[in-house]
Structure formats: C-alpha cells, structure tokens
J.: 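Pasting in a structure now, in structure tokens, and then I'll have a few things to ask.
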Amino acid sequence: MEPTLPAPDPQWRPRAVVFDCDGVLMDTERAWARVQKRVAAGFGVDIDAATETRLMGLSATDIAEFVAGQARRAHGEQSAPSEAAVYRALVGTEAEVVGAVLEPLPGAVETVKALARHVPVAVASNSTSAILDRKMHAVGLADTLRTWVSAEDVPRGKPAPDIYEEAVRRLGVAPEDTLAVEDSPAGSTAAAAAGLWVLGAPHGHEEPLRSHFLVESMGDPAVGELLRGWGMPL
C-alpha cells in the first residue's frame with residue numbers, strides 16, 4: 001500500500017499534530033465494531049463483514065442512523081427503533097465493552113509524548129465525550145495533550161471535516177501546518193477535507209486511506225524516521 005496523495009514540500013514540518021484515537025492510539029476499534037454488531041443484532045439488523053468495513057470510523061450518530069434505517073427496511077416503520085433509541089444503546093454498550101480494553105497500542109504513547117515536546121498535540125475522535133475523556137486519562141495522555149475533540153463537540157462526525165477543523169481552531173494553528181494521524185477511510189477523508197496533511201497508519205486494515213505519508217502503525221520504525229527528519233526524535 002502506498003500514500004494516495006502527494007506529499008508536501010520536503011522542507012515542510014508540522015507545527016501541530018492531531019491524532020485519531022481508536023486504531024491509532026488504542027486497540028479499541030475492534031471493540032467498537034463489536035458494540036455496533038451487538039446493538040444492531042438487538043434491533044434485528046445484521047452487520048456482515050463488508051458492512052463492518054464500510055462503517056469503520058463512523059460516529060455513534062451515523063451508526064444509529066444506519067441501524068435505524070436498516071431496521072425500518074427490514075421490519076417496517078411501526079416496529080423499527082428510533083435513531084435516538086439506537087444511539088442510547090450504542091453509548092451504553094460502548095461504555096461497557098470499550099471501557100474494558102483501554103490499553104495503548106505499541107509506540108502510541110511514546111510518539112505522542114515525543115511530539116508534544118516540540119509542538120502542540122491533540123486528539124480528534126468520533127467517540128462520545130465521556131468515553132474519550134476516559135480513554136485519554138486511562139492511557140496517561142490527559143496531561144500531554146493540548147486538547148481533545150469528540151463527535152459530540154461538533155455538528156458532524158467523521159468523514160465530515162468538523163472534528164479536525166475544531167481541533168486546529170483550538171490549537172491555534174493553520175490546517176496546512178498540521179499533521180493528522182489516521183487509520184480509517186472516514187478519518188483520513190475528514191482530515192484531508194479539513195486541509196491537514198495526513199499520516200496514514202492503517203494498523204492492518206487494507207482499505208486505502210487518503211494519506212500523504214504512510215506507516216503500518218505507531219509501532220512502525222518508519223514513524224521514528226519521519227520524526228527524526230522533522231527534528232523531533234523519539
């Protein structure tokens with residue numbers, strides 16, 4: 001797999017970095033997929049492997065809209081749940097399932113802390129606010145990050161650019177001076193649409209990302225090479 005977007009000028013250096021959370025910093029993306037499947041099944045909707053891939057990286061609001069829509073088509077308007085009911089089920093189940101796997105991925109915390117010594121660092125995630133707060137404290141990054149932005153802090157979650165636009169606004173930097181680190185098509189689309197440069201870290205996913213740089217994961221030695229090239233060694 002190769003980057004799908006042209007890299008910036010070789011002299012470019014990030015003045016800020018915004019990380020996605022699930023699948024980049026923490027191995028919670030698979031847990032979120034289990035949440036979706038469990039909740040959807042409870043409403044009579046099956047999420048197969050192809051659909052799971054298509055939903056990867058989307059917010060609880062978008063998942064609720066999808067599940068409610070599928071339920072309406074399968075069971076009729078009268079028997080289908082409301083989007084609000086599905087959303088409540090997703091958030092409640094997420095707190096139970098994702099809360100049990102709050103461990104950082106290899107290289108993630110070290111990379112964030114290394115970058116934070118040089119530039120302001122944030123997290124932009126489709127998680128709900130309460131879950132994202134819990135994640136940041138659980139992995140010991142709450143005091144390192146300048147800010148973190150959840151899907152509840154903006155009108156639209158990823159793949160819309162809102163979360164990244166809000167993150168760079170809070171950091172006080174221009175999008176074109178900022179690096180985003182993403183693992184999903186939805187997240188990389190959001191970051192690129194907001195005008196950030198994107199480091200793709202697919203962590204085993206095969207779906208193409210909108211990326212200007214590409215590594216396998218935060219544990220890839222290529223991350224250290226990039227940081228050294230930018231004068232920000234681990």
J.: For I63, which of I47, N126, L90 qualifies under side-chain contact (heavy atoms from CB on, under 4.5 Å)?
T.: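 Output: one option passes, namely L90.
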J.: Determine yes or no for a side-chain-to-main-chain donor-acceptor pair under 3.5 angstrom, with E152 supplying the side chain and S129 the backbone.
T.: yes
J.: Starting from the C-alpha separation in whole Å, work towards a yes-or-no answer on side-chain contact (heavy atoms from CB on, under 4.5 Å) for M26 and V139.
T.: CA-CA 8 Å; M26 310 179 73; V139 296; 3.5 Å; yes
J.: If we only count heavy atoms from C-beta on, is the D27 to E103 side-chain gap below 4.5 Å?
T.: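 Answer no - side chains too far apart.
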J.: Evaluate whether atom CZ of R15 has more than 12 neighbouring non-hydrogen atoms of other residues, nucleotides or ligands under 6.0 angstrom away.
T.: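 No.
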J.: Using only heavy-atom distances, determine whether the side chains of D133 and W148 contain a donor-acceptor pair under 3.5 Å.
T.: yes
J.: How far apart are the closest heavy atoms of L171 and P120, and which atoms are they?
T.: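 Closest approach of L171 to P120: CD2-CB, 3.9 Å.
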J.: Has D143 got more than 12 heavy atoms of other residues, nucleotides or ligands less than 6.0 Å from its CG?
T.: no
J.: Do you reckon V173 sits in the same ILVMFWY cluster as L196, going by side-chain contacts under 4.5 Å, direct or chained?
T.: yes
J.: If hydrophobic clusters are built from ILVMFWY residues whose side chains come within less than 4.5 Å, do V109 and L145 share one?
T.: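 Yes, because V109 and L145 connect within a single hydrophobic cluster, where side-chain heavy atoms sit under 4.5 Å apart.
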J.: Keeping H212 on the side-chain end and V198 on the backbone end, is there a donor-acceptor pair under 3.5 Å?
T.: yes
J.: Would a 4.5 Å heavy-atom cut-off, applied to side chains only, mark L141 and K113 as touching?
T.: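 Yes, their side chains come closer than 4.5 Å.
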J.: Pick from V17, T111, V119: which one makes a side-chain contact (heavy atoms from CB on, under 4.5 Å) with M232?
T.: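 Only one option passes, and that is V119.
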J.: Compute whether any side-chain donor of one residue and acceptor of the other, for S217 and D220, lie under 3.5 angstrom apart.
T.: no
J.: To the closest 0.5 Å, what do you measure between CG (D162) and CZ (R169)?
T.: 12.5 Å
J.: One thing to verify: whether D153 and R170 come together as a salt bridge, which I'm taking to mean a side-chain N less than 4.0 angstrom from a carboxylate O.
T.: yes
J.: Answer whether the closest heavy-atom distance between the side chains of F66 and R54 falls below 4.5 Å.
T.: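 Yes, close enough: below the 4.5 Å cut-off.
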J.: Are any non-hydrogen side-chain atoms of V223 and M218 less than 4.5 angstrom apart?
T.: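 Heavy-atom side-chain distance check passes, below 4.5 Å.
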J.: Which pair of heavy atoms, one from P3 and one from L214, lies closest together, and at what distance?
T.: CG-CB, 3.8 Å
J.: Verify the cluster assignment for V215 and V24: are they in a single hydrophobic cluster under the rule of side-chain heavy atoms below 4.5 Å apart?
T.: yes
J.: Would you say S59 and K158 are linked by a side-chain donor-acceptor pair, where the criterion is simply a distance under 3.5 Å?
T.: no
J.: Examine distances only and state if a side-chain atom of R13 and a backbone atom of G229 form a donor-acceptor pair shorter than 3.5 Å.
T.: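 It does hold such a pair.
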J.: With clusters defined by side-chain heavy atoms of hydrophobic residues (ILVMFWY) lying less than 4.5 Å apart, directly or transitively, does V149 cluster with V123?
T.: no
J.: Can you tell if the side chain of P202 reaches within under 4.5 Å of the side chain of L209, non-hydrogen atoms only?
T.: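 Yes, close enough: below the 4.5 Å cut-off.
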J.: Compare all side-chain heavy atoms of Y164 with those of V154 and state whether any distance is below 4.5 angstrom.
T.: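 Counting from C-beta outward, Y164 and V154 never come under 4.5 Å.
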J.: Could you tell me the separation between the CE atom of M136 and the CD1 atom of I131, rounded to the nearest 0.5 Å?
T.: 11.0 Å
J.: So which heavy atom on G224 is nearest to which on L234, and how close?
T.: CA-CD1, 4.0 Å
J.: Would you say that L132 contacts T128 through its side chain, given a criterion of any heavy-atom pair below 4.5 Å between the two side chains?
T.: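 Not in contact.
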J.: So which heavy atom on A68 is nearest to which on P81, and how close?
T.: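 Looks like CB-O, 3.8 Å.
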J.: Would you say the side-chain atoms of S211 pair up with the backbone N or O of G200, donor to acceptor, closer than 3.5 Å?
T.: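 It does not hold such a pair.
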J.: Using every non-hydrogen atom in the two residues, find where L58 and P159 come nearest and quote the distance to one decimal.
T.: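 In terms of heavy atoms, the two residues are closest at CD2-CD, 3.6 Å.
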J.: One pair to check against side-chain contact (heavy atoms from CB on, under 4.5 Å): T53 and E207. What are the steps and the verdict?
T.: CA-CA 8 Å; T53 297; E207 297 75 24; 3.0 Å; yes
J.: Looking at CG of L227 and CD of E110, how far apart are the two atoms once the value is rounded to the nearest 0.5 Å?
T.: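 If we round to the nearest 0.5 Å, L227:CG and E110:CD are 12.0 Å apart.
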J.: Check this for me: does any side-chain nitrogen of one of D62 and R156 sit under 4.0 Å from a carboxylate oxygen of the other?
T.: no
J.: Would you please classify the geometry between the W197 ring and the W12 ring as parallel, tilted or perpendicular, with 30° and 60° separating the classes?
T.: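 Judged by the thresholds at 30° and 60°, the geometry between W12 and W197 is tilted.
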J.: Report yes or no: do F19 and L105 belong to one cluster of Ile/Leu/Val/Met/Phe/Trp/Tyr joined by side chain heavy-atom distances under 4.5 Å?
T.: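 Different hydrophobic clusters.
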J.: Is the closest side-chain heavy-atom distance between P104 and L25 below 4.5 Å?
T.: no
J.: Please report the interatomic distance NZ(K37) to CZ(R34), rounded to the nearest 0.5 Å.
T.: 11.5 Å
J.: Check the pair D22, K135 against salt bridge (charged side-chain N to carboxylate O under 4.0 Å, His left out), reporting the backbone distance first and the verdict last.
T.: CA-CA 10 Å; D22 301 327; K135 290 173 180 175; 2.7 Å; yes
J.: Check this for me: E83, atom CD, are more than 12 non-hydrogen atoms of other residues, nucleotides or ligands nearer than 6.0 Å?
T.: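 More than 12 heavy atoms, drawn from other residues, nucleotides or ligands, come within 6.0 Å of this atom.
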J.: Could you pull out the closest heavy-atom pair between A64 and V86, with the gap in Å?
T.: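 Distance-wise, the nearest heavy atoms are CA-CG1, 3.6 Å.
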